[in-house]
Structures are given as C-alpha cells and as structure tokens.
2 protein chains.
Amino acid sequence: MSRVRRTKQREAILNTILSAEGPLAVGQIHERASDELPGLGIATVYRALNLLLEEGKVVVVSLPGEERRYEAAGIGHHHHFRCSGCGGVFDLEVCPVGVPRGTRLPGGYTVEEHHLTLYGRCPACARG
Amino acid sequence: MSRVRRTKQREAILNTILSAEGPLAVGQIHERASDELPGLGIATVYRALNLLLEEGKVVVVSLPGEERRYEAAGIGHHHHFRCSGCGGVFDLEVCPVGVPRGTRLPGGYTVEEHHLTLYGRCPACARG
DNA sequence: CCTTTAATGATAACAATTTATCATTTATAT
DNA sequence: ATATAAATGATAAATTGTTATCATTAAAGG
C-alpha cells in the first residue's frame, strides 16, 4: 500500500527550495512555485513543508525578528546574510565566530551552539 | 501642563527591565512586575513598553524564532546567551565575531552589522 | 482639597500566520 | 481501465501576539 504520493505540487515546492540562493519564507516559496505551477494553493505549500520537514529534507531557518524560512537540509554548518537593500537572505560559507563547542565564557556559560546573522549589502544592491 | 504621568505601574515595569539579567519577554515583564504590583494589567505593560521605546529608555531584542524581548537601552554592542536548560536569556560582554563593519565577504557581500546568539548552559543549569 | 485628564484594567477587536474542513481531483495499485 | 484513498484548493477556523475601547481610578497643578 502506498502512503505518500508523488505530486507535481510537492515537486515544484521542493525544487523551489533546492534551487534557492538561501532560505525562503512561505510566501516566497508559494510565489516561486506558482510560476512553475499556476493556481498552487497556499495550504498545499504549508502541507508540503510539514511533510518535507518530517522527511528531513528541509529545515527551518529563523532570523531575528522575522518569519520562518525554509531551506534544504544537509548543507552543514553555515550562516546567513540579510541584504538591507533587497531584503534577500543568502547562504554564506564563512563562519567568523570564535567560540567553539564547549567554550566556557566569563560568567560560567558553556557554549554548545551559535547562531549568526550578518547584515549589509549584497553585490546586486551594493551599487544603489 | 504635564503630559506623561509618573505611575507606580510604569515604575515597576521599568525597574523590572533595569534589574533583569538580560532581555525579557512581555509575559516575563508582566509576571515580575506583578510581584511588585499585584493586579497589573497586561495592556498596561504593552503601553508602558511602547512609551519606553519612544523615550529611548528601552530597546527591542529579537532572538531567532522567539518572541520580542525588551532590555535597557544604552548598554552598547553586546550579544546574548540562551540557556537550553532554563530557557533564560543573558547579556554577554564578549563579541567573538571576526567580521568588522565594512568587511567584504567572498561572494561580494559587504557587512554592516551582525547579530549573534550563543546557546548552551548557564552556570545554574550546568549541573542538571 | 478640587478639578482635570492621563493612565489603568478588563476585554473586545485586530492582524498575521498556520491548521482544519470538505468537496473535488488525481496518483497509483490492481 | 477502474477503484481507492491521498492530495489539492478554497476557505473557515484556530493561534498567537498586539492594539483599541471604555468605564473607572488616580496623578498632579492650581
């Protein structure tokens, strides 16, 4: 008996996420996947995202003060850049944080993880 | 003519924020200030916070995926530690981020600001 | 001590985001 | 090709967080 079916909606949604320059918000996913599949319902996007999360194919990315975004799972430790011009969020490869796991900070705080967001201008917005 | 009045509610709310170990969520502010002033309404907390923001006495702090928090203004550039044990958020003095303003990253991104959150165990939760 | 009116507390109203409902469509095993 | 039930799209409903409303309370200047 089959359980989960393969549909063009889910395919379009996953493709959108996999080909993105960084994590996307639900509205962005809906917009972009709708280009490929006009008429796509927003509820379908939410359902597909929850399924992809359960399957471990996608992870949630939260930036401070912003709505949830979604990006492909398995791209390892990385951080994000938020452009103050276009509002876009991009994956970065650099990790300029000098606090490895296990570091004990003054005050007695033991660091297990960190979350960094860089803000500034992306190349396209740099001249504007 | 007097404009803004000095009330015990606002005083309790500001005291709560000034004496906190880090930024507090609205609910926490309400709880703590209610200890000093039983019966305090949640709407009053919101109103006081908006006033304090306008006056520049308080600033908003957002951690990834969490509701807004509020802390005293004027404590300069700093970051936050979030304890995975008690859920508390604490101010840190360290800034272990090696990306000064103006840095140009590979990919052409120009950094203007950064936002760091460290996760781990606070001293009190370290043994638990 | 009065008077004025800003502030409060309770709660309804809003706004934004996510989930539930349900009739219809469609993937897929036979 | 057909039957079955998962998936979809439209929309209502539920959540969560914040603001507006309004009768009552209480700062604070005279």
Side-chain angles (χ1 to χ4, degrees), chain A residues 1-17 20 23-71 82 87 89, chain B residues 1-17 20 23-71 82 87 89:
Chain A
M1 80 257 41
S2 85
R3 190 139 290 283
V4 174
R5 293 178 181 174
R6 194 169 153 297
T7 67
K8 34 183 170 297
Q9 286 84 351
R10 283 178 189 155
E11 200 162 300
I13 290 164
L14 181 55
N15 282 342
T16 296
I17 295 169
L24 301 177
V26 173
Q28 292 177 299
I29 295 170
H30 185 220
E31 281 175 16
R32 296 189 189 188
S34 292
D35 289 343
E36 185 181 328
L37 216 86
L40 177 66
I42 187 68
T44 299
V45 176
Y46 278 104
R47 282 184 294 237
L49 286 173
N50 286 335
L51 183 63
L52 291 167
L53 286 172
E54 281 177 28
E55 295 174 337
K57 292 179 183 170
V58 158
V59 295
V60 172
V61 171
S62 294
L63 301 196
E66 297 185 32
E67 62 183 311
R68 292 173 141 210
R69 289 163 187 270
Y70 299 84
E71 76 176 4
R82 165 83 203 261
V89 177
Chain B
M1 77 251 45
S2 84
R3 187 140 291 282
V4 174
R5 293 178 183 177
R6 196 169 152 295
T7 68
K8 33 183 169 299
Q9 286 85 350
R10 282 178 189 157
E11 200 162 299
I13 290 164
L14 181 55
N15 283 342
T16 297
I17 294 170
L24 301 177
V26 173
Q28 293 177 299
I29 296 169
H30 184 219
E31 282 176 15
R32 296 189 189 188
S34 292
D35 289 342
E36 186 180 328
L37 216 86
L40 177 66
I42 188 68
T44 299
V45 176
Y46 278 105
R47 282 185 292 237
L49 287 173
N50 286 335
L51 184 62
L52 290 167
L53 287 172
E54 280 176 29
E55 294 175 338
K57 292 179 182 168
V58 158
V59 295
V60 172
V61 172
S62 295
L63 300 197
E66 298 184 33
E67 61 182 313
R68 291 173 143 211
R69 290 165 186 270
Y70 299 84
E71 75 177 6
R82 164 83 203 262
V89 177

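What's counted below: heavy atoms across the whole structure, side chains too, no hydrogens, waters or symmetry copies. Lettering follows sequence order; numbering is per chain, from 1.
Within residues 29-40 of chain B, no residue has any heavy atom closer than 4.0 Å to DNA chain D. In the region residues 6-16 of chain B, proximity to DNA chain D at under 4.0 angstrom, judged on heavy atoms, holds for B:Arg6, B:Lys8. Taking a 4.0 Å limit (strictly below) on heavy-atom distances, residues 43-70 of chain B reaches DNA chain C at B:Ala43, B:Thr44, B:Arg47.
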Quiz: residues 44-53 of chain B side-chain donor-acceptor pairs under 3.5 angstrom, not counting sequence neighbours:
unit_1: B:Thr44; atom_1: OG1; unit_2: B:Arg47; atom_2: NH2; d: 3.4
unit_1: B:Asn50; atom_1: ND2; unit_2: B:Tyr46; atom_2: O; d: 3.4

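In terms of the salt bridge (Lys or Arg N to Asp or Glu O under 4.0 Å) criterion, B:Lys8 has no residue partners (sequence neighbours excluded). Applying the side chain to side chain contact (heavy atoms under 4.5 Å, CB included) rule to B:Glu66 yields the partners B:Leu63, B:Arg69, B:Arg82; only residues at least two apart in sequence or on another chain are considered. B:Glu11 meets the side chain to side chain contact (heavy atoms under 4.5 Å, CB included) test with B:Arg6, B:Asn15; sequence neighbours excluded. In this view, B:Glu67 satisfies the salt bridge (Lys or Arg N to Asp or Glu O under 4.0 Å) rule with no residue, not counting sequence neighbours.
Taking CD1 of A:Ile29 as the start and CD1 of A:Ile13 as the end, the distance is 8.0 Å to the nearest 0.5 Å. Summarising the geometry, atom NZ belonging to A:Lys57 is positioned 9.5 Å from atom CZ belonging to A:Arg10; distances are rounded to the nearest 0.5 Å.
One axis for each end of the helix from C:dC1-D:dG30 to C:dT30-D:dA1, each built from five base pairs, and the angle between them comes to 40° at 10° resolution.
Here the closest heavy-atom approach between residue A:Ser62 and residue B:Pro64 is recorded as O-CB, 3.3 Å.
A 4.5 Å side-chain heavy-atom check between B:Glu71 and B:Val58 finds every atom pair outside the cut-off. Between B:Val61 and B:Tyr70 there is no side-chain heavy-atom pair separated by less than 4.5 Å.
The distance between atom CZ of B:Arg5 and atom C1' of D:dA26, rounded to the nearest whole Å, is 8 Å.
Counting only residues at least two apart or in different chains, side-chain hydrogen bond (donor to acceptor under 3.5 Å, both in side chains) contacts with residues 30-42 of chain A comprise A:Glu21-A:Arg32.
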